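First up is the structure itself, then whatever we jot down about it.
Remember, predicted model here, so these are calculated numbers, not experimental data.
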Amino acid sequence: MEEQNYQYDVAFSFAGVDREIARTLANIATANGLRVFLDEEHLWASWGKNLNEYLGAIYDSQSQYCVVLISKDYCEKAYTNLERRRALDRALESKTEYILPVRLDDSWLDGLPRATAYVDLRQMTAIKIAELLVRKVKGNDDDVVIPDDCRTSKIVQTPKEGIAVKAGGHNQPI
């Protein structure tokens with residue numbers, strides 16, 4: 001089997017309200033040498049382009065994996081639906097796993113088989129999920145670098161209410 005040369009190791013697909021979670025995961029991935037697509041870091045490249053084509057190519061063919069932060073907001077937004085459709089098309093054509101789902105609430109992606117393994121941010125920290133992501137992409141159990149600013153992430157978990165962002169909080173259950 002011929003190995004694909006991807007521009008990105010991982011692309012993040014998420015609703016705007018979940019941006020802080022995506023940033024934390026992306027920062028840890030980047031600190032561990034992964035090539036990451038996070039929209040806000042590529043504004044210069046997308047400026048003036050047709051976003052249907054630009055984002056479509058990223059989620060269709062330019063990324064080895066796609067981390068989808070599944071939430072009610074994600075399921076309802078127009079651009080996340082574009083990203084979701086392109087990622088699902090790619091997943092159907094691929095012989096290996098491509099979509100790496102992260103559940104933020106009880107929502108599920110239309111079109112993604114229910115048998116797809118996922119991680120749940122209500123059950124583990126963003127740091128733990130980022131560690132799993134780095135190991136998934138690199139294919140090893142090497143130590144994962146956690147930048148100091150991610151250790152004091154504003155993301156906190158509340159078991160009954162889901163995910164919240166709290167100034168000065170730590171990324172741990174409260």
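Of all heavy-atom pairs between Leu112 and Pro101, the closest is CD2-CG, 3.8 Å. Considering every non-hydrogen atom in both Phe14 and Glu83, the closest pair reads N-OE1, 4.0 Å. Across every non-hydrogen atom of Ala91 and Tyr98, the tightest pair is N-CD2, 4.1 Å. In terms of heavy-atom proximity, Tyr54 sits nearest to Ala45 at OH-CB, 3.5 Å. For the pair Val36 and Ala26, the tightest heavy-atom approach, listed with the atom from each and the gap, is CG1-CB, 3.8 Å. The minimum heavy-atom distance linking Ala126 with Leu25 is given by the pair O-CD2, 3.3 Å.
Taking CG from Leu109 and CD1 from Ile70, the interatomic distance works out to 4.0 Å, rounded to the nearest 0.5 Å. Within the model, atoms CG of Asn140 and CZ of Arg135 stand 8.0 Å from one another, a figure rounded to the nearest 0.5 Å. A distance of 13.5 Å separates NZ in Lys72 from CG in Leu104, rounded to the nearest 0.5 Å. Note: Asn52 CG to Asn50 CG = 5.0 Å, rounded to the nearest 0.5 Å. For the atom pair NZ of Lys49 and NE2 of His42, the computed distance is 11.5 Å after rounding to the nearest 0.5 Å. Rounding to the nearest 0.5 angstrom, the gap separating the OH atom in Tyr65 from the CZ atom in Phe12 is 13.0 Å.
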Open item on the list: Walk me through whether Val10 and Lys136 qualify under side chain to side chain contact (heavy atoms under 4.5 Å, CB included).
Closed with: CA-CA 10 Å; Val10 62; Lys136 176 76 172 177; over 6 Å; no
Open item on the list: Please determine whether side chain to side chain contact (heavy atoms under 4.5 Å, CB included) holds for the pair Asp39 and Arg19, giving the CA-CA distance in whole Å, both sets of side-chain angles, and the decisive distance to 0.1 Å.
Closed with: CA-CA 10 Å; Asp39 63 347; Arg19 183 171 297 283; 2.7 Å; yes
Open item on the list: Walk me through whether Arg84 and Asp110 qualify under side chain to side chain contact (heavy atoms under 4.5 Å, CB included).
Closed with: CA-CA 9 Å; Arg84 174 187 56 83; Asp110 285 340; 4.2 Å; yes
Task: Working for side chain to side chain contact (heavy atoms under 4.5 Å, CB included), residues Leu55 and Phe37 - done: CA-CA 10 Å; Leu55 293 173; Phe37 177 81; 4.0 Å; yes
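No donor-acceptor pair closer than 3.5 Å links the side chain of Lys77 to the backbone N or O of Gly16. The closest donor-acceptor contact from the side chain of Thr116 to the backbone of Pro113 lies under 3.5 Å. With hydrogens and angles disregarded, no donor-acceptor distance shorter than 3.5 Å links the side chain of Thr80 to the backbone of Glu76. A donor-acceptor distance shorter than 3.5 angstrom exists from the side chain of Arg35 to the backbone of Tyr6, with no hydrogens or angles considered. Between the side chain of Arg90 and the backbone N or O of Ser63 there is at least one donor-acceptor pair closer than 3.5 Å. Using modelled atom types, no side-chain atom of Arg85 and backbone atom of Leu88 make a donor-acceptor pair closer than 3.5 Å. The closest donor-acceptor contact from the side chain of Thr24 to the backbone of Cys150 lies at 3.5 Å or more, if one exists at all.
Within the 4.5 Å cutoff, side-chain heavy atoms of Ile146 are placed close to those of Glu131.
Salt-bridge annotation for Asp60 and Arg86: present, with a side-chain N of the basic residue lying under 4.0 Å from a carboxylate O of the acidic one. Between Arg23 and Asp149, no side-chain nitrogen of the basic residue sits less than 4.0 Å from a carboxylate oxygen of the acidic one, so the salt-bridge criterion is not met.
Val145 and Val137 fall into different hydrophobic clusters, where Ile, Leu, Val, Met, Phe, Trp and Tyr are joined by side-chain heavy atoms under 4.5 Å apart, directly or via other members.
Under the 3.5 Å distance criterion, with hydrogens and angles disregarded, a donor-acceptor pair is assigned to the side chains of Ser13 and Tyr74. In summary, the side chains of Ser107 and Asp105 do present a donor paired with an acceptor at a separation below 3.5 Å, with no hydrogens or angles considered.
Enclosure of atom CG in Asp143 is not indicated, since only 12 or fewer non-hydrogen atoms of other residues, nucleotides or ligands lie within 6.0 angstrom.
Using bins of under 30°, 30° to 60° and over 60° for the plane-to-plane angle, the ring pair Tyr118/Trp108 lands in the perpendicular bin.
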